[in-house]
Amino acid sequence: MISAGGSGATHKDYPMTLPTTPSFRLDGKRALVAGGSSGIGLACAVALAQAGAEVTIAARNAEKLQNIVDELTAAGMSARALTMDVADTAATEAAILANGPFDVLVNSAGLAIHAPAVETAEDDFDAVANINFKGAYFLTRAVAKGLLAAGKPGSLINITSQMALVGGIDRAVYCATKHAVEGFTKAMAIEWGKQDIRVNTIGPTFIRTPLTEQTFNNPERVAWIMEKIKLGRVGEVTDIMGPVVYLASDASGLMTGSHLSLDGGWTAD
């Protein structure tokens, strides 16, 4: 018989109860994925649906959305389409009120218009800020208001970028908006923590999507990217699918006000 800690007690005297891993499943949860018609957003929508969530995919292109929903439902998953432009604050809040409450939000709607800071056009600044910052803020707020009114917990996830932590070539406006999302995410996490509404961000490195095609067609930019990413490869949309399920699920129940870096080590130094 083996004694424990020299006290004379035995394993027989103190039977061990093994902990249970919190579930990564999302059965019974309603998820909203904004910007879900392509790229990172689409991958997030598929991942949440595969984990059992009923996923509402929101974007501006109604026909494209419906095609995606049809494909998901044909594969046995639960999905519906919601035509929505996060830059239209009033319409977005009305849509969330009419279709919510949502247990999970993934905001992947984004816009990038890159130029040297001295060449930034005011219209370009406004266009990027209206989607990446203002749109993200009021979308997150709208989903949270629905949860607060219903007395429900939730997980709100904003897709930012590694550029939310560092600077980048010709990306002053883009970096500014992504840094801003990190800021309000922390403030909202503090404000709604007692109601068990968690707010976090995911910061990917360069992911192969239609949005990044122009960057990957530039050999100088590709060389810069490969020098920065310590793993020696760019990201694929599948790289974000596991992390988004983690943040949406009970497995990340103690995580709020945090940034989950998926940057291949870009910001490690």
Side-chain angles (χ1 to χ4, degrees), residues 31-50 55-72 75 77 79 81-88 92 105-115 121 123-133 135-136 139 157-164 168-175 177-178 181 201-226 228-229 231 233-244 262-264 266:
L32 172 67
V33 180
S37 62
S38 65
I40 289 173
L42 176 58
C44 290
V46 173
L48 298 179
Q50 288 176 340
V55 179
T56 297
I57 306 174
R60 291 175 293 184
N61 190 321
E63 182 178 357
K64 190 174 184 180
L65 279 176
Q66 193 56 54
N67 289 337
I68 294 167
V69 167
D70 291 344
E71 190 171 352
L72 285 168
M77 289 173 270
L82 177 62
T83 305
M84 189 177 77
D85 180 358
V86 299
D88 186 336
T92 295
L105 166 67
V106 177
N107 174 37
S108 186
L111 178 64
I113 303 175
H114 300 316
D123 287 347
D124 290 344
F125 181 101
D126 290 341
V128 174
N130 281 341
I131 292 177
N132 293 5
F133 175 33
L139 173 62
I157 305 162
N158 281 303
I159 307 298
T160 59
S161 169
Q162 65 194 10
M163 297 299 171
I169 299 170
D170 296 343
R171 286 167 167 78
V173 176
Y174 184 79
C175 289
T177 62
K178 295 301 185 178
V181 176
T201 62
I202 295 178
T205 188
F206 286 89
I207 306 288
R208 291 191 187 276
T209 70
L211 185 66
T212 58
E213 183 177 355
Q214 183 176 356
T215 296
F216 286 120
N217 286 336
N218 185 325
E220 291 183 3
R221 289 289 187 267
V222 171
W224 170 63
I225 291 167
M226 297 310 295
K228 291 286 190 178
I229 298 179
L231 289 180
R233 69 171 179 88
V234 299
E236 305 293 340
V237 293
T238 50
D239 288 315
I240 205 163
M241 296 174 79
V244 79
L262 301 179
D263 65 1
W266 185 298

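Position 1 is the first residue of the sequence, and the numbers go up from there.
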Legend entry - For S37 against L65, the heavy-atom pair lying closest together: CB-CD2, 4.1 Å
Inset, instruction - List for me each residue that meets salt bridge (charged side-chain N to carboxylate O under 4.0 Å, His left out) alongside R171, sequence neighbours excluded, and say none if there are none. - result: none
Inset, instruction - Could you grab the distance from atom CG of N158 to atom CG of L105, nearest 0.5 Å is fine? - result: 6.5 Å
Inset, instruction - Rounded to the nearest 0.5 Å, what's the gap from CD1 on I40 to CD1 on I240? Could you check? - result: 4.5 Å
Inset, instruction - Check whether any side-chain heavy atom of V173 lies under 4.5 Å from a side-chain heavy atom of I113, and answer yes or no. - result: no
Legend entry - Nearest heavy-atom neighbours spanning V86 and A34: CG1-CB, 4.2 Å
Inset, instruction - Could you tell me the separation between the CG atom of N218 and the CD1 atom of I169, rounded to the nearest 0.5 Å? - result: 9.5 Å
Inset, instruction - Starting at CG of L262, measure out to OG1 of T160 and round the result to the nearest 0.5 Å. - result: 9.5 Å
Legend entry - Parallel, tilted or perpendicular: ring planes of H114 versus Y174, cut at 30 and 60 degrees: perpendicular
Legend entry - Derivation of the side-chain contact (heavy atoms from CB on, under 4.5 Å) call for V244 and V33: CA-CA 11 Å; V244 79; V33 180; over 6 Å; no
Legend entry - Validation row: V181, N107 side chains within 4.5 angstrom (heavy atoms): no
Inset, instruction - With the side chain counted from C-beta on, respond yes when M226 and V234 share a heavy-atom pair under 4.5 Å apart, and no when they do not. - result: yes
Legend entry - Close side-chain approach of R221 to D170, heavy-atom, < 4.5 Å: yes
Legend entry - Minimum side-chain heavy-atom gap I68-L72 below 4.5 Å: yes
Legend entry - Between CG on residue N61 and CD on residue Q66, distance to nearest 0.5 Å: 11.5 Å
Inset, instruction - Identify, with sequence neighbours excluded, every residue that meets salt bridge (charged side-chain N to carboxylate O under 4.0 Å, His left out) alongside R233. - result: D239
Legend entry - Side chain proximity check, V237 to L42, heavy atoms < 4.5 angstrom: no
Inset, instruction - Mind checking salt bridge (charged side-chain N to carboxylate O under 4.0 Å, His left out) for E71 and listing every partner two or more places apart, or none if nothing turns up? - result: none
Inset, instruction - Identify the two heavy atoms, one from A45 and one from V55, that lie closest to each other, and give their separation to 0.1 Å. - result: O-CG2, 3.8 Å
Legend entry - Nearest-0.5 Å distance, CD of residue Q162 to CD1 of residue I207: 8.5 Å
Legend entry - side chain to side chain donor-acceptor pair (under 3.5 Å) partners of D124, counting only residues at least two apart: none
Inset, instruction - Would you check if M241 and V46 make a side-chain contact, meaning some heavy-atom pair closer than 4.5 Å? - result: yes
Legend entry - Listed partners of D70 passing salt bridge (charged side-chain N to carboxylate O under 4.0 Å, His left out), at least two apart: none
Inset, instruction - Quick one: list whatever passes side chain to side chain donor-acceptor pair (under 3.5 Å) with D85, sequence neighbours left out. - result: none
Legend entry - Test item: L231 and T205 side chains (from C-beta on) under 4.5 Å apart, heavy atoms: no
